[in-house]
Asks: 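What follows is a structure written as structure tokens; I'll ask about it next.
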Amino acid sequence: MLRVDIITIFPDMFGPVLNESILKRAQEKKKVDIRIHDLRDYTDDKKHRKVDDRPFGGGPGMLMMPQPLFDAVKAVKARRKVKVIYTSPAGKPFTQFYAKTLTKAQNLIIICGHYEGIDERVREHLVDEEISVGDYVLTGGELPAMLIVDAVTRLIPGVLGKEESLIHESFEGGLLEGPQYTRPADFRGKKVPDVLLSGNHKSIEKWRHEKALAMTKKVRPDLLKKGV
Ligand code: 4GX
């Protein structure tokens, strides 16, 4: 079972996301073991539970201190082989392919960053992989951590039922999904394409592939150039 340890200064942010729907079921089915750790429990500053400090050389903002992070990772690691992830806009782009590679790990630790980031010694000596979930700046690393856990967990065999099957979805063939329709076949005069009602599986498959290709060319031509 994949184990994910998340180190954060906002442990309460995770419950609502992890304890619903597919992520909840995946944990109940023992497909993934997700544990949340409060970084402040590991600071040597017993009085103020401080985890940040001012940057040497001056400048605005604060940085996450090395001591609480080194001790939190050490405590969580406990003899197991783990991959330590830090999320930041300066990381390697997170993709479906990247998510697939992370399902191969036994243990992941995700450090949720805050302030202006981390002391460089954390990056050098503690972090194995720095991941970016997109080219924008968030208020912290909690949402990126949840996003990574979500994308990785649903790829674990047995997590999705056949209703939510992985086979035909976006990215699985390197293309975005084309248009889809459900009942009714005529919604207030707006009709479903005839081919989908034809029962001819061969022409349906061909139509879907053409639409997927056209859609990808139009909105994400970059996906056609490189493997995702
Ligand atoms: N993809 N954030 C990290 C703190 C920070 C600031 C500067 C390093 C340098 C993000 C993203 C993201 C907000 C997490 C800032 N760390 N993480 N945090 N985009 O925006 O992953």
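Starting from 1, each residue takes its place in the sequence as its number. Note that ligands are numbered from 1 as they come in the structure, with each ligand's atoms numbered from 1 the same way.
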Asks: Under 4.0 Å, counting heavy atoms only: does G91 come that close to any atom of ligand 1?
Replies: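 Contact absent.
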Asks: Would you say the side-chain atoms of K46 pair up with the backbone N or O of T43, donor to acceptor, closer than 3.5 Å?
Replies: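 Yes; judged by distance alone, with no hydrogens or angles, the pair exists.
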Asks: Residue-level breakdown please: for I131 versus ligand 1, do any non-hydrogen atoms fall below 4.0 Å on the side chain, on the backbone, on both, or on neither?
Replies: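 Only the backbone of I131 comes within reach of ligand 1.
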Asks: With a cutoff of 4.0 Å, is D135 in contact with ligand 1, counting heavy atoms of the residue only?
Replies: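 It does not, in that no heavy atom of D135 comes within the 4.0 Å cut-off of ligand 1.
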Asks: Suppose I only count heavy atoms of S132 and a 4.0 Å limit; which atoms of ligand 1 are within that range?
Replies: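 So the answer, numbered in order with elements, is 1 (N), 21 (O).
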Asks: Which of the atoms in ligand 1, numbered in the order shown and given with their element, are less than 4.0 Å from a heavy-atom of V137?
Replies: 20 (O)
Asks: Any chain of hydrophobic side-chain contacts (each under 4.5 Å) joining V122 to M65?
Replies: no
Asks: With nothing but distance in play, are any N or O atoms of G134 less than 3.5 Å from an N or O of ligand 1?
Replies: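 There is such a contact, yes.
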Asks: So which protein heavy atom does atom 15 (C) of ligand 1 come closest to, and at what separation?
Replies: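 Nearest protein contact, heavy atoms only, for atom 15 (C) of ligand 1 is L138 O, 4.0 Å.
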Asks: Tell me: protein heavy atom nearest atom 21 (O) of ligand 1, and distance?
Replies: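 Nearest neighbour among protein heavy atoms for atom 21 (O) of ligand 1, to 0.1 Å: S88 N, 3.3 Å.
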Asks: Looking at I6, V17, L147, T8, which hits side-chain contact (heavy atoms from CB on, under 4.5 Å) with E142?
Replies: T8
Asks: With rounding to the nearest 0.5 Å, note down the distance linking CD in E210 to OG in S203.
Replies: 10.5 Å
Asks: Do F70 and H125 have side chains that get closer than 4.5 Å, going by heavy atoms?
Replies: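 SC-SC contact between F70 and H125 confirmed.
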Asks: Does any part of the side chain of W207, heavy atoms only, come nearer than 4.5 Å to the side chain of S198, both counted from C-beta?
Replies: no
Asks: May I ask which of G113, A90, P93 has a heavy atom nearer to atom 18 (N) of ligand 1 than the others do?
Replies: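 Nearest option to atom 18 (N) of ligand 1, by heavy atoms: G113.
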Asks: I need the nearest protein heavy-atom contact for atom 9 (C) of ligand 1: residue, atom name and distance, please.
Replies: E116 O, 3.6 Å
Asks: Using the rule given for side chain to side chain contact (heavy atoms under 4.5 Å, CB included), can you reason through I118 versus L126, listing the C-alpha separation, both sets of side-chain angles and the distance that settles it, and then say yes or no?
Replies: CA-CA 11 Å; I118 46 176; L126 210 56; over 6 Å; no
Asks: Applying a strict 4.0 Å limit to heavy atoms, is Y86 in contact with ligand 1?
Replies: yes
Asks: Same cluster or not: are M1 and V76 linked, directly or through other Ile, Leu, Val, Met, Phe, Trp or Tyr residues, by side-chain heavy atoms under 4.5 angstrom apart?
Replies: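 No; V76 is not reachable from M1 via cluster members.
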Asks: Suppose I only count heavy atoms of Y136 and a 4.0 Å limit; which atoms of ligand 1 are within that range?
Replies: 19 (N), 20 (O)
Asks: Can you pull out the closest protein heavy atom to atom 12 (C) of ligand 1? Residue, atom name and distance to 0.1 Å, please.
Replies: P89 CD, 3.6 Å
Asks: Report the nearest protein non-hydrogen atom to atom 3 (C) of ligand 1: residue, atom name, distance rounded to 0.1 Å.
Replies: T87 O, 3.3 Å
Asks: Between Q106 and K81, does the side chain to side chain contact (heavy atoms under 4.5 Å, CB included) criterion hold? Intermediate values first, please.
Replies: CA-CA 7 Å; Q106 301 274 305; K81 187 170 161 34; over 6 Å; no
Asks: Looking only at atom types and distance, does a side-chain atom of E116 sit under 3.5 Å from a main-chain N or O of P55, one as donor and one as acceptor?
Replies: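 Not confirmed, E116 side chain does not pair with P55 backbone.
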Asks: Starting from atom 1 (N) of ligand 1, locate the nearest protein heavy atom and write down its residue, its atom name and how far away it is, to 0.1 Å.
Replies: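 Its nearest protein heavy-atom neighbour is V133 N, 2.9 Å.
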